Amino acid sequence: MSIENKAVNTLRVMSVEVINNANSGHSGIALGAAAIMYAMYKSMRVDNKNPNWFNRDRFVFSAGHGSALMYSAMHMFGFPIPRDELKTFRQMGARLHGHPEVLPELGIDASTGPLGQGVAMAVGLALAEQKLGKTYNRDKHEIIDHYTYCIAGDGCIMEGVAIEACSLAGKWKLNKLIMLYDANDVTLDGPLCDSDSEDVAMRFTANGWNVIVCKNANEPTSIEQAIQMAKQSVDKPTLIICKTNIGYGASAEGTHKAHGQVLSKDEIVELRQKWALVSENFDVDADVEEHFVELAKEKTGHHDKWMKDFGNYKKKFKREGLELEQFFSGVKGKFNIVADDKRIAMRDAGQVMLKQAAGTSPRVWGGSADVASTTKAFVGNDISFGIREHGMAAICNGLALHGFMSYCSTFLSFSDYLRPSLRLSALMGVPVHYMFTHDGFGNPPDGPTHQANEHIASLRLVPSLHVFRPCNAYEVAATYKYIYENEIPAVTILSRGGEFKHEINIKNVDIEKGAYVIYQSKNAPKVTMLATGAEVGLAMDSVKMLEDQGIDVRVVSMPCESLFAKQEKEYKDSVIALNVPVVAVEMGRGDMWYKYVGRDGAILSFNEFGHSATEGDMKKHTGFTVENLVNIVSSVVKK
């Protein structure tokens, strides 16, 4: 047995020992794809002493349930994962999660687990490399020149998000993207043929990819050769189809039972004996240890060399060097984003502010799902994602993982198409800005399929995601400034129309507080009207009629409820007047507002599917009129 094969078998055994120790995990891929993992790390240009250096090769383990294999390989290749830490796999507080969670300082480039997501993020990472290379490389100074690797399984390849992204990867000619397909022909419920009969090679060929078939993926040298072939591509990404055996060597080999199997200690001992590994639990034979030590040495020093090259680059190309440094310095920038006195629709204000943001930093880049002409989310050098909402969002995650502050846009009612990717943005904490327009009725004649009612409430449920509904251009400007200066995953919901027509001096919007008083009657308020987005304008429209009835009011704009929720009680009480009823107004599900209105208040909301109708008829039908709001407010005020 060659030392390479013995090293692969050591990774197999170590991985299933990690799983056995946790009594939880996925042995099938750990045993079947070990040669792929070994050959890939051996081929990658990374630095195990400085895992986060900027020009490193990236790796996304789309089939993230195989994380035990990745952790074992990283340990053996010298990354900062001590052997004892392998025993913390899947334990509370450990860094080695059941599926990979992004930790660049450790060498983990993306959070994966939902199948197909990693494929699309890898496309985003490769797109970022291409964009940066085209922007900053100069003759004899190719400062950006790295590869993006992805290991995907049968499930990843079937997912729609992967199909959307791979179609774009071929169109964009991402020749530095190498996907290693662990093709074991088995899914969780049974043989792949039960659910799929597609010729994957033909699909990828049709999408503009190179396809290389590695028939014996238990042989690491054949995979290494395929990777070297892939690196010769000048205008196509490469799919390497690796024919593997799920659960290789185990009793359940080749069956769906191997997928989530936890091998017993006795069966692991049998594997060691079968593969002539004389060491015991978590130990490594001396010759294999020496082999990996030599491989690990090859993974050091790349960071220092590149930083020296970058220093020379920056001396010769000062402006470009300073710009490029923004992508990896970790220093957050200041954004000069301001609004003028023009009263424009919120989506138009969004375009104005986006252009200002993109003009401030080269890191701001993105596009829309073929609706830029109506969402107005474009600046001039945008990405044309086509009608691929889910792929768009996942690719933007990849861009953000590479240092961009990415943005993407579609109608609010179509945010459901991309929700899993949006959730990953929040989970990873990456700066992806989701720009959703056409809230509420949107364009009313389009009908209920295009009218968003539950979407705002559901987006607010996502942890670590800030959802903004600004009411006018000043709030839009403050929102965009906050999002880009803090580099957070965020949503802005902008109305198609809804020009704010009221003369109110709110140029200094304190968006960080989440809510503030936008209008106050001369006398103490008898009611607080709490509104967001375009409905702030409706609340203001009702003020005169209420005051004519002797009802003094306070109007509160709440552009971001999650930020307001974090404020001290003293500030909250200063905004939402104590001991007076609250009426909440929002053209969407009203459930969230009960915590503010209590028993004595009321909610004007939009809780059902809509209709194809004129805007006037829709407002009358749903009650979003001045007259109805005044009646609601009057009914809760204590006379």
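Note that the structure is a prediction, hence the values are computed from the model and not measured.
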Pair Lys176-Asp145, salt bridge (charged side-chain N to carboxylate O under 4.0 Å, His left out): steps then yes or no: CA-CA 9 Å; Lys176 289 189 175 179; Asp145 63 344; 5.4 Å; no

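- Asp285 places a side-chain N or O within donor-acceptor distance of the main-chain N or O of Val278, the cut-off being under 3.5 Å.
- With hydrogens and angles ignored, the 3.5 Å screen pairs a side-chain donor or acceptor of Asn397 with a backbone N or O of Ser421.
- With no hydrogens or angles considered, no side-chain donor-acceptor pair links Glu129 and Thr148 at under 3.5 Å.
- No side-chain donor-acceptor contact under 3.5 Å links Ser197 to the backbone of Cys193.
- Salt bridge present: Asp309 and Lys305 bring a charged side-chain N and a carboxylate O closer than 4.0 Å.
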Thr238 vs Ile212, side-chain contact (heavy atoms from CB on, under 4.5 Å): CA-CA, chis, key distance, verdict: CA-CA 7 Å; Thr238 298; Ile212 301 171; 3.9 Å; yes

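- Atom-to-atom distance recorded for Arg12:CZ and Met37:CE is 12.0 Å, nearest 0.5 angstrom.
- Shown here are the ring pair (Phe, Tyr, Trp, His ring centres under 6.0 Å) partners of His65, two or more places apart in sequence or in another chain: His26, His259.
- Crowding of Met158 atom CE: a count of heavy atoms from other residues, nucleotides or ligands under 6.0 Å exceeding 12.
- For OH of Tyr417, the number of neighbouring non-hydrogen atoms (other residues, nucleotides, ligands) closer than 6.0 Å is 12 at most.
- Not counting sequence neighbours, the partners of His433 by the ring pair (Phe, Tyr, Trp, His ring centres under 6.0 Å) test are Tyr480, Tyr484.
- The aromatic rings of Phe317 and Tyr313 are tilted relative to each other, their planes meeting at an angle between 30° and 60°.
- For the side chain to side chain donor-acceptor pair (under 3.5 Å) with Glu17, the qualifying choice from Lys265, Arg272, Lys87 is Arg272, the only one to do so.
- Side-chain contact between Val491 and Leu422 is present, with heavy atoms from C-beta onward closer than 4.5 Å.
- When each of Phe404, Trp53, Trp306 is tested with Phe328 by the rule ring pair (Phe, Tyr, Trp, His ring centres under 6.0 Å), just one qualifies, namely Trp306.
- Taking the side chain as every heavy atom from C-beta outward, Glu164 and Glu389 never approach each other to under 4.5 Å.
- For the pair Leu180 and Ile151, the minimum side-chain heavy-atom distance is below 4.5 Å.
- At distances below 3.5 Å, not a single donor-acceptor pair connects side-chain atoms of Asn9 with backbone N or O atoms of Trp275.
- Of the N and O atoms on the side chains of Ser167 and Arg388, at least one donor lies less than 3.5 Å from an acceptor on the other residue.
- With hydrogens and angles disregarded, a donor-acceptor distance shorter than 3.5 Å links the side chain of Ser111 to the backbone of Val102.
- Ring geometry for Phe77 versus Tyr38: interplanar angle of 30 to 60°, hence tilted.
- The cationic atom of Arg58 (NZ for Lys, CZ for Arg) lies less than 6.0 Å from the six-membered ring centre of Phe54 and within 45° of the ring axis.
- More than 12 heavy atoms of other residues, nucleotides or ligands sit less than 6.0 Å from atom CD of Gln91.
- No side-chain heavy atom of Arg90 sits under 4.5 Å from any side-chain heavy atom of Ile19.
- Here the CG atom belonging to Asp199 is positioned 11.5 Å from the CZ atom belonging to Phe204, to the nearest 0.5 angstrom.
- For the pair Gln117 and Val119, the minimum side-chain heavy-atom distance is 4.5 Å or more.
- Enclosure of atom CE in Met202 is not indicated, since only 12 or fewer non-hydrogen atoms of other residues, nucleotides or ligands lie within 6.0 angstrom.
- Atom CE of Met405 and atom CG of Asn486 lie 10.5 Å apart (nearest 0.5 Å).
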Verdict with reasoning, Cys396 to Phe385, per side-chain contact (heavy atoms from CB on, under 4.5 Å): CA-CA 10 Å; Cys396 281; Phe385 287 106; 3.9 Å; yes

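- Listed for the Glu487 side chain is no donor-acceptor partner under 3.5 Å among the backbone atoms of Val430.
- More than 12 heavy-atom neighbours from other residues, nucleotides or ligands sit within 6.0 angstrom of NZ on Lys274.
- Formation of a donor-acceptor pair under 3.5 Å by the Asp182 side chain with backbone atoms of Ala152 is not found in this model.
- In this model, a donor atom of one side chain and an acceptor atom of the other lie less than 3.5 Å apart for Ser562 and His466.
- No option in Glu323, Glu320, Lys131 other than Glu323 meets the side chain to side chain donor-acceptor pair (under 3.5 Å) test with Tyr136.
- Taking the ring centroids of Trp365 and Phe327, they lie at or beyond the 6.0 Å cut-off.
- The pair Glu289-Arg83 counts as a salt bridge, with a side-chain nitrogen and a carboxylate oxygen less than 4.0 angstrom apart.
- With 3.5 Å as the limit, one finds no donor-acceptor pair spanning the side chains of Ser222 and Asn216.
- Between atom CZ of residue Arg95 and atom CD1 of residue Ile81 there is a gap of 6.5 Å, rounded to the nearest 0.5 Å.
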Derivation and outcome, side-chain contact (heavy atoms from CB on, under 4.5 Å), residues Leu427 and Val462: CA-CA 9 Å; Leu427 179 65; Val462 180; over 6 Å; no

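- In summary, the aromatic rings of Tyr149 and Phe61 are positioned with their centroids too far apart to meet the 6.0 Å limit.
- Here the OG atom belonging to Ser72 is positioned 6.5 Å from the CG atom belonging to Leu11, to the nearest 0.5 angstrom.
- More than 12 heavy atoms of other residues, nucleotides or ligands shown are found within 6.0 angstrom of CZ on Arg45.
- At least one side-chain heavy atom of Met76 sits less than 4.5 Å from a side-chain heavy atom of Met14.
- Between the side chain of Thr88 and the backbone N or O of Ala94 there is no donor-acceptor pair closer than 3.5 Å.
- Proximity of Arg203 to Ile163: side-chain heavy atoms (C-beta onward) are separated by under 4.5 Å at one or more points.
- His146 has its ring centre less than 6.0 Å from the ring centre of His402.
- In the model, His256 has no side-chain atom that pairs as donor or acceptor with a side-chain atom of Thr187 under 3.5 Å.
- Using a 4.5 Å cut-off on side-chain heavy atoms (C-beta onward), Asp154 and Val186 make no contact.
- A distance of 7.0 Å separates CG in Asn281 from CD1 in Ile268, rounded to the nearest 0.5 Å.
- By the neighbour-count criterion of 12 heavy atoms within 6.0 Å, atom CD of Gln228 is densely surrounded, having more than that number from other residues, nucleotides or ligands.
- A 6.0 Å sphere centred on NZ of Lys173 holds no more than 12 heavy atoms belonging to other residues, nucleotides or ligands.
- No donor-acceptor distance shorter than 3.5 angstrom exists from the side chain of Asp57 to the backbone of Met44, with no hydrogens or angles considered.
- Side-chain rings of Tyr407 and Tyr434 stay apart, their centers remaining 6.0 Å or farther from each other.
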Criterion salt bridge (charged side-chain N to carboxylate O under 4.0 Å, His left out) on Arg56 and Asp47, from CA distance to verdict: CA-CA 7 Å; Arg56 69 190 183 276; Asp47 193 324; over 6 Å; no

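- Remark: side-chain polar atoms of Asn184 are not paired, donor with acceptor, to backbone N or O of Asn245 under 3.5 angstrom.
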